[in-house]
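See structure below.
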Amino acid sequence: MILDLDIGNTLSKWRLKDADSSEIRSRGAVWTREEWRPGADIPDLDVVEAVRISSVARRAVLEQTVSLLEHRVGRVHVARSMPEALGVVNGYQEPGKLGVDRWMGVLAGYQLAGGCCVVDCGSAITVDFVMPGGRHLGGYILPGLRLMKESLKLGTRNVAIDPDSEAEELLVPGRRTVEAVNHGIFMAAVSAVNRIYSEVCDREGVALPVLLTGGDARVVARGLQIPHAVWPDMVYAGLEACFPLTAAERAGRMSGAPGVPAPVSLEKIRAGLAFSMLL
Ligand SMILES: Nc1ncnc2c1ncn2[C@@H]1O[C@H](COP(=O)(O)OP(=O)(O)O)[C@@H](O)[C@H]1O
Ligand SMILES: CC(C)(COP(=O)(O)O)[C@@H](O)C(=O)NCCC(=O)O
Ligand SMILES: [K+]
């Protein structure tokens, strides 16, 4: 089995993948801030022959995780943000400073779609752009839904937005605190992503497909006016592309990859932008 780990600021996600069949056998998640303890939702290390890790948590968390795993498992691969990989040139002035989860998303997105816009809705919402040809432009970082909500300190932190609610319901003025907060942060997130996408496409003169990932991807996707696909395993797909271990991975197949959404025309994106500026 291959153990893939995606350690975010909030949740540490894991999955076990069969090295022969490339099938996902099990998955789980634990809070990043809590110590792993027996009985928690953690994988059985006895069956693991290789580990791949993407981590944006504090350095100490990664170091502890790697030293724990190196005692038990033969191979431990840790992803790092590089100046260039798999045809993509990192747009950061200091490439190593780009969050490695963003780098994994960009690499997976480029493998799947070529030029694209990658939106990762986790503790933070990040929006990254890679051009056809592989030039990564850099991106945007804003607080995620949960962080926005917690920062208000209105006692609404435990009432999450129902991922099944219709976008129209979330756009109306709230008539209770929890509603006003949920509708406000939903608006903040989706209008930022819609606007960022249009601005960058306009500037660069290209309409790009949009790929979404992260714990809040489904909720944010509800409000997006632009065609998009949700890819929950996108960070894992970056790990597969960087450290291919199975036959399918060596052949370039990334698990759970969605179909590439066809973007609307650049004219339509520009018309939308011009219209929103008139208001
Ligand atoms: N079952 C869940 N447990 C915790 N958070 C969840 C869950 N489902 C959705 N979320 C949302 O997803 C966010 C975490 O997403 P994730 O992409 O795992 O973040 P990160 O990579 O920053 O740890 C939380 O802040 C929360 O808003
Ligand atoms: C921006 C992030 C905090 C997002 O992390 P996440 O929400 O997935 O936990 C992470 O990618 C990070 O720590 N990046 C380093 C700074 C940067 O990318 O510029
Ligand atoms: K994120």
Side-chain angles (χ1 to χ4, degrees), residues 4-15 27-34 36 40-41 53-62 65 78-83 88 90-109 117-130 136-152 156-165 170 178 181-182 184-186 188-190 192-193 196 210-223 230-239 256:
D4 289 322
L5 276 176
D6 170 10
I7 304 180
N9 283 294
T10 304
L11 286 178
S12 296
K13 283 79 63 183
W14 61 267
R15 70 174 194 188
R27 309 174 168 268
V30 285
W31 298 106
T32 298
R33 280 166 214 284
E34 283 177 13
W36 289 23
D41 190 7
I53 307 177
S54 162
S55 171
V56 295
R58 286 177 297 114
R59 186 194 293 261
V61 173
L62 177 63
T65 310
V78 179
R80 310 235 174 256
S81 294
M82 307 298 276
V88 181
N90 189 324
Y92 258 35
Q93 288 170 353
E94 294 183 61
K97 297 264 167 83
L98 176 71
V100 70
D101 54 347
R102 297 172 61 193
W103 184 235
M104 292 298 103
V106 161
L107 295 181
C117 168
V118 180
V119 184
D120 187 334
C121 309
S123 313
I125 296 173
T126 57
V127 188
D128 277 275
F129 290 88
V130 54
H136 168 242
L137 300 181
Y140 301 78
I141 303 174
L142 46 144
L145 298 182
R146 192 182 161 101
L147 263 182
M148 285 197 238
K149 189 180 286 200
E150 285 182 3
S151 66
L152 288 169
T156 54
R157 56 182 290 177
N158 292 325
V159 191
I161 299 175
D162 174 1
D164 294 322
S165 37
L170 293 169
V178 62
V181 167
N182 279 343
I185 61 176
F186 177 74
V190 299
V193 175
I196 288 169
V210 178
L211 299 161
L212 264 82
T213 191
D216 289 318
R218 233 162 51 84
V219 175
V220 173
R222 295 222 148 209
V230 177
W231 187 1
D233 276 7
M234 201 171 186
V235 171
Y236 291 139
L239 288 172

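Since the structure is predicted, the reported quantities are computational estimates derived from the model, not experimental observations. Order of listing sets the numbers, starting from 1, for every ligand and every atom in it.
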Keeping the roles fixed (side chain from [X], backbone from [Y]), state whether a donor-acceptor pair exists under 3.5 Å.
{"X": "Trp103", "Y": "Gly96", "answer": "no"}
{"X": "Ser55", "Y": "Leu62", "answer": "no"}
{"X": "Asn90", "Y": "Met82", "answer": "yes"}
{"X": "Thr213", "Y": "Asp120", "answer": "no"}
{"X": "Thr32", "Y": "Ser12", "answer": "yes"}

Using a 4.5 Å cut-off on heavy atoms from C-beta on, say whether the side chain of [Y] contacts that of [X].
{"X": "Val118", "Y": "Arg102", "result": "no"}
{"X": "Phe129", "Y": "Tyr140", "result": "yes"}
{"X": "Met234", "Y": "Leu212", "result": "no"}
{"X": "Ile161", "Y": "Ile185", "result": "yes"}

Among all protein heavy atoms, pick the one closest to [atom] and tell me residue, atom and distance.
{"atom": "atom 16 (C) of ligand 2", "answer": "Lys97 O, 3.6 Å"}
{"atom": "atom 25 (O) of ligand 1", "answer": "Arg146 CD, 2.9 Å"}
{"atom": "atom 13 (O) of ligand 2", "answer": "Val56 CB, 4.1 Å"}
{"atom": "atom 5 (N) of ligand 1", "answer": "Leu11 CD1, 3.9 Å"}
{"atom": "atom 21 (O) of ligand 1", "answer": "Lys13 NZ, 2.9 Å"}
{"atom": "atom 19 (O) of ligand 2", "answer": "Tyr92 OH, 2.6 Å"}
{"atom": "atom 7 (O) of ligand 2", "answer": "Ala124 N, 2.8 Å"}
{"atom": "atom 3 (C) of ligand 2", "answer": "Asn9 ND2, 3.5 Å"}
{"atom": "atom 14 (N) of ligand 2", "answer": "Gly99 CA, 3.3 Å"}

Residue pair Ala79 / Leu239: nearest heavy atoms and the distance that separates them: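 Scanning both residues completely, I find the closest heavy atoms to be CB-CD2, 3.8 Å.
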Out of the candidates Asp4, Asp233, Asp41, only one should pair with Arg27 under the side chain to side chain donor-acceptor pair (under 3.5 Å) rule; please name it.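 So the option named by the test is Asp233.
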Taking 4.0 angstrom as the limit and counting only heavy atoms of Gly214, give me the atoms of ligand 1 inside it, by number and element.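 What qualifies from ligand 1 is 17 (O).
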At less than 4.0 angstrom from any non-hydrogen atom of Asp216, what atoms of ligand 1 do you find?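 Numbered from 1, ligand 1 contributes 11 (C), 12 (O), 13 (C), 26 (C), 27 (O).
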Any salt bridge between Asp101 and Lys13, counting N to O under 4.0 Å?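 Answer for the salt bridge query: no.
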Sidechain N-carboxylate O distance under 4.0 Å for Arg218, Asp164: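 Answer for the salt bridge query: yes.
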Atom 1 (N) of ligand 1 within contact range, any protein heavy atom under 4.0 Å: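 No.
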Could you list the atoms of ligand 2 found under 4.0 angstrom from a heavy atom of [X]?
{"X": "Asp101", "value": "4 (C), 5 (O), 6 (P), 8 (O), 10 (C), 11 (O)"}
{"X": "Leu98", "value": "18 (O)"}
{"X": "Thr126", "value": "1 (C)"}

Give yes or no for whether the N/O distance cutoff of 3.5 Å, strictly under, is met between Trp31 and ligand 1.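 For ligand 1, there is no N or O atom that lies under 3.5 Å from one belonging to Trp31.
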Would you check whether Gly215 has a nitrogen or oxygen atom less than 3.5 angstrom from a nitrogen or oxygen atom of ligand 1?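 Between Gly215 and ligand 1, an N or O pair is found under 3.5 Å apart.
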Judged by non-hydrogen atoms, does Leu145 sit under 4.0 Å from ligand 1?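 No heavy atom of Leu145 comes that close to ligand 1.
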Should one rank Gly8, Gly122, Pro163, Ser123 by closest heavy-atom distance to atom 22 (O) of ligand 1, which comes out on top?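 Looking at heavy atoms only, Ser123 sits closest to atom 22 (O) of ligand 1.
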Shortest heavy-atom approach to atom 18 (O) of ligand 2 - which of Glu94, Arg58, Arg102: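 Residue with the shortest heavy-atom distance to the ligand atom: Arg102.
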Can you tell me if Asp101 has an N, O or S atom under 3.4 Å away from the K ion (ligand 3)?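 Looking at Asp101, which is the residue asked about, there is no N, O or S atom under 3.4 Å from the K ion (ligand 3).
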Can you tell me if Ala124 has an N, O or S atom under 3.4 Å away from the K ion (ligand 3)?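 Of the N, O and S atoms in Ala124, at least one lies under 3.4 Å from the K ion (ligand 3), which means yes.
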